[in-house]
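Residue numbering restarts at 1 for every chain, and letters A, B, ... go by the order of the sequence lines. Just so you know, these numbers come straight off a predicted model, no measurement behind them.
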Protein chains: 2
Amino acid sequence: MNYGRELLKGSTDTLLLSLISRQPMYGYQIIKELAARSQGYFKFKEGTLYPALHRMERGGLVKAQWRRLPNGQERRYYSITAKGQKVLETKRAEWQGFATAVNLIMSPRPT
Amino acid sequence: MNYGRELLKGSTDTLLLSLISRQPMYGYQIIKELAARSQGYFKFKEGTLYPALHRMERGGLVKAQWRRLPNGQERRYYSITAKGQKVLETKRAEWQGFATAVNLIMSPRPT
DNA sequence: CCAGAATACCTAGCTATGCTATATATCAAA
DNA sequence: TTTGATATATAGCATAGCTAGGTATTCTGG
């Protein structure tokens with residue numbers, strides 16, 4: 001992505017599920033929303049986003065539905081499933097634990 | 001590792017540099033220290049640690065030195081270089097930015 | 001004294017996943 | 001009509017953590 005390089009690994013799904021859990025969204029919209037909500041920090045690449053969505057669809061975490069706009073445009077909307085909700089809870093907790101542990105190392109209390 | 005699975009990617013070097021910057025350490029000690037300081041959260045595998053140390057040595061971020069103990073044991077002590085210090089500063093900032101951005105997505109302010 | 005645990009280091013190969021680059025198609029604006 | 005934005009998709013690459021194996025020494029309990 002261009003932050004720490006690999007920092008994103010492992011949190012991609014959590015970020016996507018977090019967004020989708022608020023309301024169904026389509027891919028392009030997700031990219032824009034992630035950028036907006038993170039104040040420009042996240043700039044998801046298509047080669048990251050779509051494979052991730054497909055993975056999660058295969059895994060039953062999200063389900064997809066094509067919708068055609070009046071003008072003919074096609075969009076694939078993703079919504080979270082019950083299973084996806086559960087995974088999201090788990091991953092949220094994992095993130096909390098991980099971030100806490102990293103901060104313990106990076107900002108240690110006096111030995 | 002077994003947290004988020006891949007969460008660690010991208011923060012390994014930062015964690016290692018953080019530790020080593022406080023004082024020179026050898027590999028086995030680093031594993032123990034990471035576990036202790038993170039209250040048991042981090043359990044670095046050797047297949048993660050040693051390749052990472054070697055990478056950073058090649059990259060000039062750390063330098064290594066063998067030391068023989070009175071009892072004959074051999075340990076390879078790693079210390080941080082000037083270059084490693086600079087990289088650490090950068091990576092610390094990257095982590096801050098990343099964690100902040102993730103939290104913005106995971107705990108969004110009301111739309 | 002001996003077995004097993006702990007200490008201490010190393011690496012080949014696997015796997016997961018983010019990124020690059022490319023492809024396709026529609027629509028609006030200059 | 002050409003450019004940029006919208007919208008989705010994927011093959012192939014690179015990176016890096018993990019598995020599982022190896023070597024060698026020292027400490028500890030029975």
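Separation of atoms NZ (A:K91) and OG (A:S18) is listed at 10.5 Å; rounding is to 0.5 Å.
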- prompt: Base, backbone or nothing for each nucleotide of nucleotides 7-13 of chain C, written B, S, -, heavy atoms under 4.0 angstrom, 5' to 3'?
  reply: BBBBB--
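Rounded to whole Å, atom P of D:dA16 lies 12 Å from atom CG of B:L16. For the pair A:K45 NZ and D:dA11 P, the interatomic distance rounds to 21 Å; values are reported in whole Å. Here D:dT6 presents its C1' atom at 17 Å from CZ of A:R67, a figure rounded to the nearest Å. Rounded to whole angstrom, the span from the CD1 atom of A:I30 across to the P atom of D:dT6 amounts to 15 Å. The nearest whole Å value for the distance from the CD atom in A:E57 to the C1' atom in D:dT8 is 13 Å. Rounded to whole Å, the distance from NZ on A:K43 to P on C:dG18 is 18 Å. Rounded to whole angstrom, the span from the CZ atom of A:R58 across to the P atom of C:dT17 amounts to 10 Å. Straight-line distance from the CD1 atom of A:I31 to the P atom of D:dA5: 14 Å, rounded to whole Å.
Contact annotation: the side chain of A:Y28 never approaches that of A:L49 to less than 4.5 Å [non-hydrogen atoms, C-beta and beyond].
Taking every heavy atom of both residues into account, A:F42 and A:L15 meet most closely at CZ-CD1, 3.7 Å. For the residue pair B:Y41 and A:A101, the shortest heavy atom distance occurs at CD2-CB, 3.3 Å. In plain terms, the two heavy atoms of B:I80 and B:I20 that are nearest each other are N-CG2, 3.4 Å. Between A:A52 and A:D13, the shortest heavy-atom contact is CB-OD1, 4.3 Å.
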Donor-acceptor pairs are to be reported for all side-chain atoms of residues 58-70 of chain A against protein atoms at under 3.5 Å, with residues two or more places apart or in another chain.
| from | atom 1 | to | atom 2 | distance (Å) |
| --- | --- | --- | --- | --- |
| A:R68 | NH1 | A:G72 | O | 3.0 |

field: Derivation and outcome, salt bridge (charged side-chain N to carboxylate O under 4.0 Å, His left out), residues B:R76 and B:E57
entry: CA-CA 12 Å; B:R76 195 157 156 80; B:E57 197 184 358; 2.9 Å; yes
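Judged by distance alone, with hydrogens and angles left aside, the side-chain atoms of A:Q29 form a donor-acceptor pair with the main-chain N or O of A:Y26 at under 3.5 Å.
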Could you write out each protein N or O paired with an N or O of nucleotides 28-30 of chain C at a distance under 3.5 Å?
none

